[in-house]
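Computed from a predicted model, the values in this text were never measured in an experiment.
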Amino acid sequence: MLFWPKRSLLSVCLCLFYFSFSCRSAPQPVTIVTDDSYPPYSFYHDGELHGMYIELVRAAAEYLKDDYKIEIVAEPWKRALASIENGQAFAILPPYKHTEKRPYIWPYSIPIFNEVVVAFCRNNVDLFTAVISSFDREHPPINVGINAGFLILNDELERAAAQKRIIVWENKSTHANLVKLLRGRIDCYVNDRRSTLWEMDQLRYTDPSINMSHISENMVVISRAAYIGYAKDESGRFSYKDDFVKKMNAALNLVLQHKDWSQYK
């Protein structure tokens with residue numbers, strides 16, 4: 001029979017205790033994917049990730065740091081959505097709530113900000129009249145740009161697209177859509193108002209000779225809240241999801257109540 005000296009046995013027990021404690025207390029890594037080209041909310045600048053939603057989630061992450069180590073990874077929006085749909089990613093920032101069109105996202109966080117989606121058009125194009133009135137079928141369809149992967153058209157615009165009164169073109173980013181609008185390659189661009197105006201200012205700053213006098217806001221499309229959306233995860237891969245969602249909602253509430261977001265309004 002093998003006997004352990006009492007001191008050795010005590011040392012082994014202490015080591016096992018501390019090892020077990022350290023394993024339990026290590027923060028759980030969590031990855032949130034976000035849009036890499038959606039200023040002023042989430043975007044790259046000089047090799048770093050910036051934006052209102054990035055600041056918001058990072059501030060909330062400070063309240064959760066003992067339990068969760070949160071990393072925000074920026075990707076093109078369609079790729080980010082695909083990573084949620086195929087179960088590779090845990091959470092995505094900042095989708096609107098589309099429970100039927102995106103059944104692979106559930107649940108959603110508390111609302112983090114309200115976005116107003118509008119259409120900017122060339123001044124000789126009246127998208128508003130075209131989609132709400134009896135449309136002349138001989139009139140050429142209106143070319144409308146949106147960001148790839150965005151679900152931002154209202155019922156009237158979706159109906160107009162189904163009836164070929166408008167043709168919807170997906171482009172990579174706000175910048176790409178505005179360049180096409182300036183060059184006359186699309187007639188209108190539908191996107192969040194703040195994001196569009198922010199990118200317009202950046203274009204003017206980069207090239208003061210750019211003339212945007214022939215472009216103006218033509219119609220308000222929708223007003224929607226943005227959220228953190230979580231992978232539905234029917235396989236139970238993310239066992240910590242319920243706990244994380246509850247704690248992140250509480251943290252978001254605290255940040256939204258105490259931080260001044262007026263610079264983004």
So, the side chain of [X] versus the backbone of [Y]: is there a donor-acceptor pair under 3.5 Å, distance only?
X: Asn171; Y: Ser173; value: no
X: Asn218; Y: Leu127; value: yes
X: Asn154; Y: Val221; value: yes
X: Arg194; Y: Pro40; value: no
X: Asn249; Y: Ile110; value: yes
X: Asn143; Y: Asp187; value: no
X: Lys241; Y: Lys232; value: yes
X: Asp192; Y: Glu115; value: no
X: Thr34; Y: Leu93; value: yes

Classify the ring geometry of [X] against [Y]: parallel below 30°, tilted from 30° to 60°, perpendicular beyond 60°.
X: Phe90; Y: Tyr240; value: tilted
X: Tyr96; Y: His98; value: tilted
X: Trp198; Y: Phe43; value: tilted

Closest non-hydrogen atom pair, Asn114 against Ala225: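 In this case the closest contact between Asn114 and Ala225 is OD1-N, 3.6 Å.
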Would you sort out whether Tyr38 and Tyr53 count as a ring-ring contact (aromatic ring centres under 6.0 Å, His included), showing the intermediate values?
-> CA-CA 10 Å; Tyr38 191 37; Tyr53 295 152; 7.1 Å; no
Set of side chain to side chain donor-acceptor pair (under 3.5 Å) partners for Glu75, sequence neighbours left out
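Glu75 satisfies side chain to side chain donor-acceptor pair (under 3.5 Å) with no residue once adjacent residues are dropped.
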